[in-house]
Each structure stands twice: as C-alpha cells, then as structure tokens.
Amino acid sequence: MTEENKPKGRAAVFRGYGQPFTIEEVEIPQPKGEQVVVRTAGCGLCHTDLHIWLGELPGVPEKVPSVLGHEPSGYVAAKGDAVPDRVKIGMPVLVQGGYYLEDDIYTLKGLNQMAVKKSQSWTGAYGLYGGCYAEYFLVPSYRYLVSAEGLDDLAAAAVLTDAGLTPYRAVKTALKLVGEFAEPGDVVVAVGVGGLGSFGVQWANVLAPHLDVVAVDAKEEALEFARKVGKIYALVDAKRGDPAKAVAEAAAGRKIVAVLDFVGAEQTISKYIDLLSPEGVYVVVGLGGVRGSFPIADLVINEKKIVGSLWGSVADLTEVVDYARRRAVNYGGLVTKRWKLDEINEAFQAMRRGQYVGRMVVAP
Ligand SMILES: [Zn+2]
C-alpha cells in the first residue's frame, strides 16, 4: 500500500491540557489478530474526558497526542484475521472501553473493567486510534463488542456504554445487597440526576419496580429532566434548606434501603448515609471528591454497608442492550444534544459550563 491510498479518517486530537482539540486527518490502522476498527456512530461526552482535558487526572493520557472518548457506538469497518465470522463488516456495535493487557482473576470472572493491568482507551495507549472522538477507532479485541442489532438510534445508543452501564451495575449491586429486607414501597435515593443519575432512576424503576425513587440534585432542570425520563416519587432540591431532612420527609417513615451516590463527595456521603435504614446500602458511583466521612457507630450498630461500583463489564453491557432493545430503558430521550466532530471544542466548553441536562453525544 502506498502512502496516498492508505485509508484516513478525521479525529479530534488532544495536544495538551486545556488546549483546543485539533481536527486532523489520521491514518486508519489495519487491524491485526483480534483487533477491530469501528466507524463511529456516536461518542458520548463524559465528564471523565473533561477532567482529563483540564489536567485533573495527572498522568492521563499517558501519551500525547492522543484521542479521547470512551462511550462509543459504531459499525465494524475492518477486522483482524483472528476475529470470528459472527463479527461481520458493517455490523452495528457498542464497545465497552475497559480494555486490559493481560488476563487476571478479574478478567477471568468476566470483570474486564476491573483488570489489574488496564489499557483503557482514554490512557492514550492507542495514540490517535484509541478514543471515539474520531471517525474511526481501533478496538484491541472483538471481545469488547456487543451487538447493537435491533437498537433504532445507534448514535444515541453510545451513551449506554457508560452513562447507561455504570448506574446499571450500581443498581444491581445495591439490589443484591439489599436482598429481601426491602419491602414494597421502601425507598431508594438517587443523589445527582445528571446523565448517569437519570439512567440510575430508570434502572431502579426497571429492576426494582416495588421501590420508590427519591431524586436529589442541586439543579432544578436536572430534577425536572429526570422526572421526564423516569418514574420518581419525590424530587428534592439540594440547594434548598436541609435536603437530607427533605428526603426523610418524602420517605415518610418507610425504610430507605439504598442510596445511589452519583456525586461521590464528602458533602453527599456524610449527609445521606445517616438516612439509611439498618442493613441499608450506600453505593458510591461518582468520583466527585477525594475522601468522605461517615459515623462509625451507626455503621456498625446498624450494619450499614458502603460499597463502590465501577463502570460495568461486557456482560453487564449485554444485559443493558437487551433492556434497550425491549425499550425498557429510554436512551434516545437521554441524549439532549448532538455535536459534529469539528464542534468538539464547543462541546467541551458546554460540558465545562454544565448548562445541559441528560447526556450529549458527538456524532461525527
Ligand atoms: Zn465515562
């Protein structure tokens, strides 16, 4: 192949913290072995990318220049010779971007996102071919693909791979630990109902329809939006008065069996863990702070549990797609804005200002 006829695609290239992304023509790699090249349909705008771009996650990406974006959907464009026949060219797919370098006890249990030696798309390990803020991106193995056959809006479905997947796993974790002590009419609290939290409300509706959801957020428009996409028993504006008291009042004596914390900060953990009933579960999903505090005696005497929940596995994503196919979860309505690839700098500024609800997507 000569230099001229090598296939190329546009990518938004990260050239340094806080610097504008540059739209560049980059060569599309030839996939080898298990690798797959995907033509992007959509790439969700995740706050993790904003933190990376602002330099708030030191050392990430490891390599510059690189391409960010880890919430992708697209079509299989090319594949290596070790990719099985069932993965067809043109097939619509979602990609779980929790790539890893070698198998360990977690990956063997199917928990790819927990791998000890991670090599995720946003680390820069794949240079200009890793992230989905590009027309094409390289996936290190077909094993990260989930068929998106039967989903009617592939660009919007990108958000299922992170904004949809992460709260799905968190709600499953909560329900596993809550077990049978939760009774119909008991309460689950969603703290923070942005992109992830509004999916969290929906998953609680789907997986635990016997529980009532109380949603807390400091943004009125986020609360209103969450109410549009999910079934919410009560909304609590965190800016007004004492929100913990307002949640307790909404629960009106019923057990608060779980709190899903999509913010994950000292202010949220210290405030809302007190509300849990004995045996209640506090699931931390957000990474909004460094450390948090909780009352030790209350934790011990009432056997409360605090657990973290990370993203979701390829297996979890398969379940998420099944629900989406059956229209049990609304993902299209979650996408409130679609940007073109060359509008990416504007998109990041919009994300930084936080003046949006739901989730935004880059659809090149
Ligand atoms: Zn993310």
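Counting begins at 1 with the first residue of the sequence.
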| query | Looking at E102 and K117, does any basic side-chain N land under 4.0 Å from a carboxylate oxygen? | reply | yes

| query | So with a 6.0 Å cut-off around CD of E303, is the heavy-atom count from everything else above 12? | reply | no

| Taking only residues at least two apart or on different chains, which pairs with a member in residues 223-268 satisfy disulfide bond (SG atoms under 2.5 Å apart)? | none

| request: Give a yes or no on whether a salt bridge exists between K172 and D316, defined as a side-chain N under 4.0 angstrom from a carboxylate O. | output: yes

| task | May I ask you to check whether over 12 heavy atoms, not counting those of Y356, lie within 6.0 Å of atom OH? | result | yes

| query | If you measure from the Lys or Arg side-chain nitrogens to the Asp or Glu carboxylate oxygens, is any gap between K340 and E343 under 4.0 Å? | reply | no

| query | Does atom CG of L287 have more than 12 heavy-atom neighbours from other groups under 6.0 Å away? | reply | no

| query | When the ring centroid of F294 is compared with that of Y282, is the distance short of 6.0 Å? | reply | no

| field | Residue pairs passing the side-chain hydrogen bond (donor to acceptor under 3.5 Å, both in side chains) test where at least one lies in residues 197-217, sequence neighbours excluded | value | D212-R254

| said: Atom CZ of residue position R325 - does it have more than 12 heavy atoms of other residues, nucleotides or ligands inside 6.0 Å? | reply: yes

| Below 4.0 angstrom, N of the basic side chain to O of the carboxylate: do D342 and R10 qualify? | yes

| Does atom NZ of K231 have more than 12 heavy-atom neighbours from other groups under 6.0 Å away? | no

| message | Please enumerate all residues that pass ring-ring contact (aromatic ring centres under 6.0 Å, His included) together with F262, with sequence neighbours excluded. | response | none

| said: Minimum heavy-atom separation for I273 and P295, please, with both atom names. | reply: CG2-CD, 3.7 Å

| message | Salt bridge check, R359 against E71: does any charged N sit closer than 4.0 Å to a carboxylate O? | response | yes

| said: Check this for me: does any side-chain nitrogen of one of E24 and R15 sit under 4.0 Å from a carboxylate oxygen of the other? | reply: yes

| query | Should K304 and D274 count as an ion pair when the cut-off is N to O under 4.0 Å? | reply | no

| request: Could you note down all residue pairs passing side-chain hydrogen bond (donor to acceptor under 3.5 Å, both in side chains) where residues 262-271 supplies at least one of them, sequence neighbours left out? | output: D261-T268, E266-S293

| said: Does atom CD1 (I296) have a neighbourhood of more than 12 heavy atoms from anything else shown, all under 6.0 Å? | reply: no

| said: Do S119 and Y126 pair up side chain to side chain, a donor and an acceptor below 3.5 Å, judged on atom types alone? | reply: yes

| field | Full working for side-chain contact (heavy atoms from CB on, under 4.5 Å) between V95 and F137 | value | CA-CA 11 Å; V95 185; F137 60 96; 4.0 Å; yes

| query | Which pairs, with at least one residue in residues 11-119 and sequence neighbours excluded, count as a disulfide bond (SG atoms under 2.5 Å apart)? | reply | C43-C132

| query | Do NZ/NE/NH1/NH2 and the carboxylate oxygens of E135 and R39 come within less than 4.0 Å? | reply | no

| Residues which pass ring-ring contact (aromatic ring centres under 6.0 Å, His included) with F348, listed by chain and number, not counting sequence neighbours | F21, W53, Y133

